Amino acid sequence: MTSVLESLNQGLHAAFAQDARVYLIGEDLLDPYGGAFKVSRNLSTQYPDRVWTSPVSEAAIAGVGAGMALRGLRPVVELMFGDFSTLVADQLINSITKFPAMYNGAAQVPVVIRTPMGGRRGYGPTHSQTLEKLYLGVPGLRVLAPNTLSDPGDLLRRAILEQNDPVLFVENKVLYPKQVLDNAALADFEIQASTQDFAPTHTLRLKGAPRPALTLTAYGYMAELAREALTRLAFEHEIFCELVVPTQLAPLPAGGGLQPALQASLQHSGRLLTIEEGTYSLGWGAEQLARAAQHFGGRLQAARRVAAAEAPIPAARNLEDAALPTLEDIISAAREMV
Amino acid sequence: MTSVLESLNQGLHAAFAQDARVYLIGEDLLDPYGGAFKVSRNLSTQYPDRVWTSPVSEAAIAGVGAGMALRGLRPVVELMFGDFSTLVADQLINSITKFPAMYNGAAQVPVVIRTPMGGRRGYGPTHSQTLEKLYLGVPGLRVLAPNTLSDPGDLLRRAILEQNDPVLFVENKVLYPKQVLDNAALADFEIQASTQDFAPTHTLRLKGAPRPALTLTAYGYMAELAREALTRLAFEHEIFCELVVPTQLAPLPAGGGLQPALQASLQHSGRLLTIEEGTYSLGWGAEQLARAAQHFGGRLQAARRVAAAEAPIPAARNLEDAALPTLEDIISAAREMV
Amino acid sequence: MSDDAALYTQLATIRRFEETVLDAFPKGAFYGTTHTYIGQEANAAGVLAHLHDGDLVFSNHRCHGHFLAYGGDARALFAELMGKATGVCGGIGGSQHLHWKNFYSNGVLGSTAPIAVGAALAEKRKGSQAVTVLFLGDGAMGEGVVYESLNIASLWGAPVLFVVENNHIAQTTPTELAMAGSLAGRFAAFNIPAVELDSSDAREIYAAAGQEFAQLRSTPGPRALILHTARFGPHSKGDDTRDPAFIEELRATRDPLTIHGARLEESERTAIEAEVDSAIAAAYAQAEADPLPEHAAYVKAGY
Amino acid sequence: MSDDAALYTQLATIRRFEETVLDAFPKGAFYGTTHTYIGQEANAAGVLAHLHDGDLVFSNHRCHGHFLAYGGDARALFAELMGKATGVCGGIGGSQHLHWKNFYSNGVLGSTAPIAVGAALAEKRKGSQAVTVLFLGDGAMGEGVVYESLNIASLWGAPVLFVVENNHIAQTTPTELAMAGSLAGRFAAFNIPAVELDSSDAREIYAAAGQEFAQLRSTPGPRALILHTARFGPHSKGDDTRDPAFIEELRATRDPLTIHGARLEESERTAIEAEVDSAIAAAYAQAEADPLPEHAAYVKAGY
Ligand SMILES: Cc1ncc(C[n+]2csc(CCOP(=O)(O)OP(=O)(O)O)c2C)c(N)n1
Ligand SMILES: Cc1ncc(C[n+]2csc(CCOP(=O)(O)OP(=O)(O)O)c2C)c(N)n1
Ligand SMILES: [Mg+2]
Ligand SMILES: [Mg+2]
């Protein structure tokens, strides 16, 4: 089996092997360290002239990546912690994602900005956040988040090589050591896969379960908890759910529509629970609920979100546990909905 | 009558007069210029040692303001264009709003960051955005947006003097020359006012109109268009609406509830149309719809948003008009909802 | 055409273009904002005359002069300012946001610095021999990302020429209120060789820039050219807070057209001017007649 | 206690505290991350010995030494690292995010620079006479906001002492790979006087810092003290990629405790060490016994 970390590392290696235009820029990338979370391991050894370890200058490395992309290369920028994406907000919002449209289609900026997000490691308020919600509504940006249901490395490789949008690639830290699941590990589930461009969405339900009363949707690491919740809700509470797990968080369908898999699931459940690790307001879940309400109107019988507390993420373990959404939170929210 | 611009300027003057701890930091503040949009006019003349014109260093002036606030002063930071708020994202998200909670309540950062937002002036993609949606979900931040229904300057003055949260104060550029409305100007409307802390929310309906079939909600300049839409919908289409206009955009009620005025309106209309100038996804409207769906479930019969196109705001007038929400957009969305 | 005549043509073209903009703006011909280059023409003309095919230019809000000296089309630039379909960016970008061939500008001060460095590094990696010019104002030197970029350019040997146009003012703020230390010191801090010149003479600037380009093409690594210059006009339109007498003095002593024009025969100079006048007038008229852009792509997303 | 003894007590306290942290971490006593100050003790001890009541300190991720030298309580710091209610910030901040009295730290490199400048300006305006010390690592000098802050500090005369601790490495990146030019040049560029010292001798650092503080208190405006130093331990925990022989050499030649300890009588030194050992052990034991924080305030917002 392969861990998410290994898969991502393999995806980077594959991209480097496949295309000489691929570069990697970031802090502390050189072997033997290979980046703070080791996703970039062995790249500097194998491709010493295409891996550039940088000063601690997040805005500039994002901009350097943008300039390289503008001129035909395929750079990947690693931000050591997603918390520091705030430092690249201007580059991302006012340059990187603006250029293609603002220059009337005459420029492309295929840079991939990769970064770990998320808590549960006790790193405290400035190293534990799930900030991608800030960027999900930025026009022109593709936001991808891998999970264990399909190949994270392949998603990364294709994001680097097969398309021309700027990409924010969000890796939940807790996901790194998790195994990418094979058929055996998912034997209990009936799974439907669809794709948006090249990004897969998976819809899971327990084999042989009755028609779902509730749709859960989650991405990244929260999809792990949601899957567990789905099982426990079925066996312990006889609440049967369907779980929709997208890897493409943005853009969503133009015109305010739901992602097709989510729409299909809601069509029969009529109830939506969104599950995310980011803080509650103006998050990913809000957009899903809004679209569900728009599409289904009065046929959306129940809507709810599980998210992080609207506060900094504390360092103390018991406080951090209280601040971040847990399995129990999902289960109790779901129970109140049906 | 007083324009929004004059009112804001008076609010600043009042704050300076009332409290010697008030300072103003920003670019090009000195008279006779008095700031790019003139909101700061005459302050540098009257308070030369409390108005500091700065280098073009948005991140640093936000941080300097934060440091001053941390040490007991009441600084106001003017960002020349809200588009450049991206440059202060890190200061705002990882320092200014974090300190109070991260330092366990032992620190306060009562800095007010004021900035003009919005398009319709042909300034092009980097000088026309409505970016406050990026910050509405940042824990610990109060976001205020004045309108013509109540005193913008007073809202600003109270934000500076009467509370201890960091504040993002968002001024739509097109609002500046508009008159603050008096009773005569609003004679057609039945108006209910409520407050959240010190920030007013207004609920408007046409006098003598039947029970509203639809709730509109909007803030800032979009509340102007929404009010006009409300009148036209009544007279031209016999669609009777209620319009809810908050000045406090964040925080919203803890626990996922709706602002009371909005909840009250939806209670009888069961239909919600949100109207905002920011781009569509993950915006202010999404959060309102999500909360409405949560609260009302199947009783929310229709939900919809009017927002800007998911693209950079073009400079060309006809393109800009096409990208930004118009009166006609509101009317046609409303007509499709009832 | 002699080099001097060619240089004068550039200066006159920029001047005439910008005068036309300032004249026509109040008449409603344009929409939005603009920042004219009047007084600084010698910088763009002198520096960009050294460009080779394939070289890159990154510019800022005050980009018309850079664009025209790069070889950009006056009609397309007028059209862009008018929001026409034939504009440089089809009317989407407007005055501050231009891209044509290897020319790029953006309106967020300093934000272009790392992008220019990245682009320069890309060209170097691709082996294209192209060098990159980045124009910055004195005001833009307030932005932190510029220093991050100087550091990286120096560390990684990016073939960039940083051209600082110090017109001693940023919008309304005199440089002394916004800049501690010195411009030269800012480059020295990052081990970037910098040459400084206080001149409005296009030939002098051309010569100094020539040396910089020669170095840049022969030895790797960034360089800086600090040009002390004079802005004659308002920051944008009608927003000049400086003493009119001071501006008169600038115009009298530092006009690039007067200074360089003196090198030409009267007859040659007036012939160039007449040609430029009619070319700019024609460009303006064409742009005025050009169609508006289609806005299908900009439909609202609210459904 | 003599000045030398007091200084040695500081050094030993920080050393013992940090050794305890590194020892106990693998045993699960702490949660999260940490950055220890071993090898750099003389900086905090030598600089902060000059603080007056009311002076401010802004620190970074490697803040334990600064905090203890500021006068912070070892038990409260252990408790903070353990996530206990009695921690400096009640367990919310953790290792990198401390605030007590006029001491503030944050984990985002460079982000404290403008805040320190603003705080210093506030004190100046309030007439408090307080000065502000800002600790930055060599790595943090990569951040643009630092340069914006140097410029503003210089322009507006903020009474800040910028203390750069150059331990020649940032996480795993040697300074040469991350810094073009020189540290001194970075301050000179903004007209900020800078003094440089390559020493692990607390007395030398104390003396140099003393001069800086004296200047800072008598003349307005920022100053810089660049301290070349040595990090003995890992960046965080077990992540040192340097050659162990090199670290051995650092420990042999640059240990602040050895260098300064030599000035004390053997008996006095060992007495201090014994006292420090037991104080730190007691602090640790107390912290261990302390209660967890209440988490009522951190309930989920999802309803
Ligand atoms: C990040 C950012 N902050 C503020 C502005 C607003 N602004 C536009 S031009 C300008 C002054 C620029 O001065 P300088 O760089 O010296 O160029 P000049 O206008 O003198 O050519 C300012 C503050 C901006 N465009 N971008
Ligand atoms: C903005 C930001 N980027 C990256 C990091 C991750 N990080 C933490 S410490 C560190 C190295 C810091 O080096 P330096 O400033 O020299 O301090 P030292 O650790 O050597 O004391 C890095 C890159 C961070 N905390 N903040
Ligand atoms: Mg200037
Ligand atoms: Mg270091």
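In the text below, chain A, chain B and the rest are named by the order of the sequence lines, each starting its count at 1. Every value quoted in this text rests on a predicted model; they were computed, and no experiment measured them.
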So does Asp19(A) pair up with Arg21(A), basic N to acidic O under 4.0 Å? yes
Pair count under 4.5 Å, heavy atoms only, with chain A: among Ser128(C), Pro293(C), Ala153(C), Ser111(C), highest is Ser111(C)
How about Phe17(C) and Phe78(C): are their ring centres within less than 6.0 Å of each other? yes
Parallel, tilted or perpendicular: rings of Phe190(C) and Tyr147(C) (30°, 60°): tilted
Tyr37(C) ring center near His64(C) ring center (under 6.0 Å): no
Could you tell me which portion of Trp100(C) (side chain, backbone, both or neither) has an atom closer than 4.5 angstrom to a non-hydrogen atom of chain A? neither
So what's closer than 4.5 Å to chain C heavy atoms on Ile96(A): side chain, backbone, both or neither? neither
Need one label for Leu73(A): side chain, backbone, both or neither, based on atoms under 4.5 Å from any heavy atom in chain C. side chain
Under-4.0 Å salt bridge between Asp290(C) and Lys84(C): no
Name the member of Leu98(C), Leu155(C), Thr132(C) that forms the most heavy-atom pairs with chain A at distances under 4.5 Å. Leu98(C)
Against chain C, label Asp90(A) side chain, backbone, both or neither, depending on which of its atoms sit under 4.5 Å from a heavy atom there. side chain
For the interface with chain A, which of Pro114(C), Cys89(C), Gly87(C), Ala158(C) has the highest count of heavy-atom pairs at distances below 4.5 Å? Pro114(C)
Strictly by modelled atom types, are Glu78(A) and Ser40(A) linked by a side-chain donor-acceptor pair under 3.5 Å? yes
When only pairs under 4.5 Å are counted, which of Gly257(A), Ala66(A), Pro75(A), Ser95(A) shares the most heavy-atom pairs with chain C? Ser95(A)
